[in-house]
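Naming: A, B, ... by sequence-line order, numbering from 1 per chain. In this text, all values refer to a predicted model and were calculated from it rather than measured experimentally.
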2 protein chains.
Amino acid sequence: MARGSTRPTSRDVAQVAGVSQAAVSLVLGDKWRGRVSETTAERVREAARDLGYRPNLAARNLRLGRTRTVLLVVPALTTEFFAGVYTGAARVAAEHGFGVVLYPSPEGIGPARDPFASAQAALDGVIASSMAADALTAIRGDQLPLVMLDSDPEGSLGAATVNLDIADGVRQVAEHLLALGHRRFLHLAADIPSWTFEVRARELAARVGSVAGTSVRTTRAPISIEGALTAAGAALSAPGPRPTALVCDDDKLAAGAYKAARRLGLRIPEDVSITGLDDLALATALDPELTTVRLDAELFGEHGMRALLAVLDGRVPEEGDIPVELVVRGSTAPPSGP
Amino acid sequence: MARGSTRPTSRDVAQVAGVSQAAVSLVLGDKWRGRVSETTAERVREAARDLGYRPNLAARNLRLGRTRTVLLVVPALTTEFFAGVYTGAARVAAEHGFGVVLYPSPEGIGPARDPFASAQAALDGVIASSMAADALTAIRGDQLPLVMLDSDPEGSLGAATVNLDIADGVRQVAEHLLALGHRRFLHLAADIPSWTFEVRARELAARVGSVAGTSVRTTRAPISIEGALTAAGAALSAPGPRPTALVCDDDKLAAGAYKAARRLGLRIPEDVSITGLDDLALATALDPELTTVRLDAELFGEHGMRALLAVLDGRVPEEGDIPVELVVRGSTAPPSGP
DNA sequence: CGATGGAAGTTATACGTAAAACGTGAGGGT
DNA sequence: ACCCTCACGTTTTACGTATAACTTCCATCG
């Protein structure tokens, strides 16, 4: 009988089943073919069930030198998007017997200088969003296998990268708006220094710039409805001809832009077309519904996890960006004025 | 010198510093007052720094018999709300040297029967949303300290509970609408069986029922914009006098109700007043902005974590529901018709 | 018939840490 | 001269698991 209060160990199970601790480990670890008889194995399983035995993971991790736990670093969890990334990553991880631990970066979680302090679990590897760049130096200090999400393939110092094809999404937005006849663009950009936002700016400038008689102005805002509201409001009421198309770096910015436009008495899409990027629930809650680029956050998370598993396996992760899709809704139309 | 590739251990540090492993443990564990001289301690710290030593958490957890890791079980992470709960819980946890591991319940994460399979880290305790009820039986199997979020204080079998004062929020909504003159109510309810939604229904019926000449109809919908759209559409176009106030169990349902109302040509708030509950970013993105009950998700998470820490400490968690606040915006107004 | 080998286990050990138990020499009090 | 205490360590052990190495028994084979 086990000592009343503490959790039963494999030794307790062994004693009940009348075998050695090693036999318990073999049976429960499914390594017993040709080592233990079926009848004995069943006896062990029964004893384990009766005692409610659960292996001590700390001991297992220590013994095996690995934890089957992975860290996901995200800029903040307060957005649907990274929640989706986590969900996808955790799903794939579970399929492979892995767990995922989150590290929402400092601004969300307070002054935790050490990403690993919050994850008491030891780690086998790390998946990190490039938006959480501030945490990266700490991460690189450890020599853990690393997969970067939406990061510059050149600048990641050999870490594997998994990227959404944001450039293609922006290209689709630009072509859509150009085809509608828009010529004066306003780019409502996120004020976070990150490769994924640089790509948006670069691609938009390239596509729009390839057509004669076009212009792109840029204004930056923090990623929040309020921040976008003030920035877009200022930009839309600036002197000179008003832009007819407002390309936003993400859906939240677009939501702010809606409000700014309304306050100025502008109709969407008649007076100004607006586009977003993400396709959050927000996008269809807006009126008119938002034309935006759909990013499959869960798929993104799944790819990230698969890439990390490949690295851990000594394999080379698959190449190739994850496709994205323009979703045309009611917020874009041909410009009305000249 | 340590064997090239593997991580340095406390023994490696000891060798470099010219002391025993025990001394390293004492110094780095901050238990050395009067046991090790300041100069030796400094030498140990320096060696640790040089080697980039990080304690093996699996070994520490095994030795100490606790992990300083806690599991947060949520129905899904794809909502701002539970992301906020996590953020708050993780912040408090970090202040106490704890980590938080997430278990988004099965529907989100696939067929993971065992909540602990996804969290390879061993656990000291569990915080669980009552919405993830399906995972609860598995959790109760283990005798881990448990804190329930928004759960029936009577029915939780002795587990500590931390609740938002939802009843008060619904009361405020009801009084607000009654004061505006509304008499015919439609309750757009979530179709999830959970105490937190039962409270909404009970309190609304109680408050509205206390006034003569009032009525409350109820229709249920899954918590999504699309689900609410169809349910609310059907209810609003049902025969008989149309409700003038639509009380929704949360903001997403309210967003669906907006669309349903618009499709029927109803103006908000002139033809129908709508209220939500949560105060997500969504609420201010809608037009008109949504009158709703603000729940402080992060504070909720913080309280949950503090309660668990109290339980782990053998203390009794503080009592008392977390206050909520009605935020009146543009979606509610006096009814226009008779 | 002795050797071979497979089945069915057991024994022993290592993983890295924390901390209890155990020196050890110097200084101080009586 | 003796014991005590204190400062400064070291030696040893236990945590629970996985697995390599070893034992034992029995059947088969050349």
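- Taking 4.0 angstrom as the limit, B:Thr40 places a side-chain polar atom (N or O) nearer than this to OP1 or OP2 of D:dG9.
- Residues A:Pro317 and A:Val311 have side chains in contact (heavy-atom distance under 4.5 Å, counting atoms from C-beta outward).
- As rounded to whole Å, 17 Å separates atom P of C:dG16 from atom CG of A:Asn56.
- Of all nucleotides listed (C:dG16, D:dT19, D:dG16), D:dG16 comes nearest to the side chain of A:Ala59.
- In the set C:dA8, C:dT17, D:dC8, the nucleotide with an atom closest to the side chain of B:Thr9 is C:dT17.
- Between the CG atom of B:Leu51 and the P atom of C:dG16 there is a distance of 14 Å, given to the nearest Å.
- Rounded to a whole Å, the NZ atom of B:Lys31 is 20 Å from the C1' atom of D:dA7.
- Interface residues of residues 21-30 of chain A facing DNA chain D, ordered by number: A:Gln21, A:Ala22, A:Ser25; criterion, heavy-atom separation under 4.0 Å.
- Residue A:Ser20 places its side chain closer to C:dT11 than to any other of C:dT11, D:dT17, D:dG9.
- Across the interface with DNA chain D, nearest-nucleotide mapping of B:Ala41 and A:Ser10 shows B:Ala41 to be the residue nearer the 5′ end.
- Here the closest heavy-atom approach between residue B:Trp195 and residue B:Ser151 is recorded as CE3-C, 3.3 Å.
- Taking atom CZ on A:Arg60 and atom P on C:dA14, their separation rounds to 22 Å, with Å as the unit.
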_Audit row: B:Val27, B:Val24, side-chain contact (heavy atoms from CB on, under 4.5 Å) steps and yes/no_ = CA-CA 5 Å; B:Val27 171; B:Val24 173; 6.0 Å; no
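- Atom CH2 of B:Trp32 and atom P of C:dA19 are 17 Å apart (whole Å).
- From A:Leu164, atom CG reaches atom CD1 of A:Ile322 across 5.0 Å, with rounding to the nearest 0.5 Å.
- Nucleic acid contact class of B:Leu62 (heavy atoms, under 4.0 Å, all strands): base.
- D:dA20 atom P lies 11 Å from atom CG of A:Leu64, rounded to whole Å.
- Between B:Phe300 atom CZ and B:Leu149 atom CG the span is 4.5 Å, to the nearest 0.5 Å.
- For the pair A:Asn61 CG and C:dC15 C1', the interatomic distance rounds to 11 Å; values are reported in whole Å.
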Side chains of residues 43-53 of chain A: which donor-acceptor pairs under 3.5 Å do they make with residues two or more places apart or in other chains?
| unit_1 | atom_1 | unit_2 | atom_2 | d |
| --- | --- | --- | --- | --- |
| A:Arg43 | NH1 | A:Ala17 | O | 2.4 |
| A:Arg45 | NE | A:Glu42 | OE1 | 3.2 |
| A:Arg45 | NH2 | A:Glu38 | OE2 | 3.0 |
| A:Arg45 | NH2 | A:Glu42 | OE1 | 3.4 |

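- Rounded to an integer number of Å, the gap from B:Arg11 CZ to D:dT12 P is 12 Å.
- Between A:His303 and A:Leu299 the shortest side-chain heavy-atom distance falls below 4.5 Å.
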